[in-house]
Amino acid sequence: MKLTKTLLTLSLLSATSLAQAGEVEVLHWWTSGGEAKSVAVLKQLMEQEGHTWKDFAVAGGGGESAMTVLKTRAVSGNPPSAAQIKGHDIQEWAGLGFLTNLNDVAAEGHWDDIIPPMINQVMKYDGEYVAVPVNVHRVNWMWANPEVFKKAGAKVPTNLDEFFAAADKIKAAGFIPLAHGGQPWQDATVFEAVALDVLGPQDYVKAFVDLDMDALSGDKMVQVFTQFKKLHNYIDDNSPGRDWNVATSMVINGDAAMQIMGDWAKGEFTAAGKVPGQDYLCFPALGTQGEFTYNVDSFAFFELKDAENIKAQKALAKTIISPQFQEVFNLNKGSIPVRTDMDMAKFDQCAMDSMKEFKSSSTDGGLVPSMAHGMSTTSYAQGAIFDVVTNFFNDRDADPKQAAQKLAKAVKAAM
Ligand code: GAL
């Protein structure tokens with residue numbers, strides 16, 4: 001009798017734990033110090049709920065390698081539960097029939113009310129939620145080491161002219177003015193900051209969202225390439241191939257003065273125990289004050305077969321939007337929460353500035369999608385732009401006028 005009872009209890013117990021024990025396999029490219037700390041929060045929360053986390057990390061900032069690996073996996077009929085897929089790519093994956101419908105989780109969590117419509121729209125395909133937004137990154141940031149500025153007697157720049165003046169002094173004092181990693185997506189990140197400054201938000205949108213041929217090849221774009229080229233004089237010879245977080249560490253260590261990079265760079269300063277306003281400075285890149293280049297990270301959810309894994313997958317979607325995750329994750333990641341109803345008390349000055357500018361730029365036309373991070377156009381057009389930008393940046397003799405023409409031609413061919 002006793003034994004039967006024990007067996008019954010045991011089998012009931014294992015039935016409950018089985019009912020919860022789904023597995024989520026999550027593909028991402030968050031492998032730097034700050035990024036890894038951020039994604040660990042999600043793993044921990046899922047494990048607390050009794051699910052198993054299978055990490056599918058593919059290193060490489062910007063996610064190019066991760067996307068290549070994902071394609072192979074999905075095509076072979078074995079997709080992960082969720083993958084870090086952003087912007088236009090979400091529509092593409094959904095259009096091919098790979099993604100699952102999350103409308104029930106979204107309705108329960110009132111996503112339509114707590115996430116800005118501009119972001120929701122990208123997460124939906126044919127009216128169905130197929131992806132979940134994680135955060136809002138601002139890309140047009142500059143990170144600086146105040147000690148280096150002090151030693152060089154240079155002033156923190158608020159526009160391109162001031163940047164060149166400061167960079168000359170910093171170089172003369174024996175420091176690297178601009179920490180940079182020579183990889184196509186990093187070149188494009190710097191290029192789009194210069195483009196936003198020189199073109200202004202309206203022409204930026206014409207060029208990188210509308211893919212307007214005149215905007216891509218016109219005089220103002222020639223000017224963008226001209227200024228972009230000048231920046232190369234302030235980068236060290238070891239930059240080719242360097243990872244973005246290694247470039248950030250050069251600013252942290254005081255070898256370099258500045259880096260132009262999205263606020264995932266702040267995740268590295270935070271992980272190193274550095275305090276903004278004291279150990280480092282954050283300010284809008286070049287002359288882009290009041291403007292905001294956004295990059296929204298998101299996970300797209302794949303159609304699965306196993307019932308327990310589907311349950312775990314839904315729990316993952318719910319957890320990502322939860323205030324608890326939104327707070328801890330974004331504190332580590334350097335971004336701001338995607339929910340508009342969050343208490344920002346624990347966030348630092350850079351995040352507060354980011355939130356303020358995100359809100360104000362969304363009403364005054366200064367809010368633009370990042371081309372370098374897959375927000376403004378298709379991956380095909382983006383790839384074409386990357387090629388032209390990188391080839392130009394790495395060729396000392398490249399001509400800005402020809403580059404602008406090449407840019408328009410390459411984009412046209414990719415359309
Ligand atoms: C971006 C991504 C960020 C950050 C960065 C560097 O594309 O949106 O979250 O991870 O790459 O890896």
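Values reported hereafter were calculated over all heavy atoms of this structure, with side chains retained and with hydrogens, waters and symmetry mates removed. Atoms within a ligand are numbered from 1 in the order they appear, just like the ligands themselves.
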For residues Q186 and T189, is any side-chain donor paired with an opposing acceptor at under 3.5 Å?
no
Here the atoms of ligand 1 under 4.0 Å from any heavy atom belonging to H373 are 1 (C), 7 (O)
Would you check whether W185 has a nitrogen or oxygen atom less than 3.5 angstrom from a nitrogen or oxygen atom of ligand 1?
no
Can you find an N or O of E35 that's nearer than 3.5 Å to an N or O of ligand 1?
yes
Check each of M261, M375, K333, Q186 against atom 3 (C) of ligand 1 and report the one with the nearest heavy atom.
K333
Specify whether W93 and F302 have parallel, tilted or perpendicular ring planes, treating 30° as the upper limit for parallel and 60° as the lower limit for perpendicular.
perpendicular
Ligand 1 versus N295, non-hydrogen atoms closer than 4.0 Å: side chain, backbone, both, neither?
side chain
Geometric cation-pi criterion K229 and F392, 6.0 Å radius, 45° cone:
yes
At less than 4.0 angstrom from any non-hydrogen atom of G62, what atoms of ligand 1 do you find?
6 (C), 7 (O), 11 (O), 12 (O)
Let's go through T293 and Y204 carefully: what are the C-alpha distance in whole Å and the side-chain angles of both, what is the deciding distance for side chain to side chain contact (heavy atoms under 4.5 Å, CB included) to 0.1 Å, and is it a yes or a no?
CA-CA 10 Å; T293 313; Y204 175 100; 3.9 Å; yes
min-distance protein heavy atom vs atom 8 (O) of ligand 1 -> D297 OD1, 2.6 Å
Under 3.5 Å: N/O of W264 near N/O of ligand 1
no
Side chains of S32 and E268: is there a donor and an acceptor less than 3.5 Å apart?
yes
If the cut-off is 4.0 Å to any non-hydrogen atom of W244, which atoms of ligand 1 fall inside it?
6 (C), 12 (O)
Quick check: are there more than 12 heavy atoms from other residues, nucleotides or ligands sitting under 6.0 Å from CD of Q324?
no
closest protein heavy atom to atom 7 (O) of ligand 1 is K86 NZ, 2.8 Å
Walk me through it: do E47 and K43 pass the test salt bridge (charged side-chain N to carboxylate O under 4.0 Å, His left out)?
CA-CA 6 Å; E47 286 176 349; K43 173 179 191 261; 3.5 Å; yes
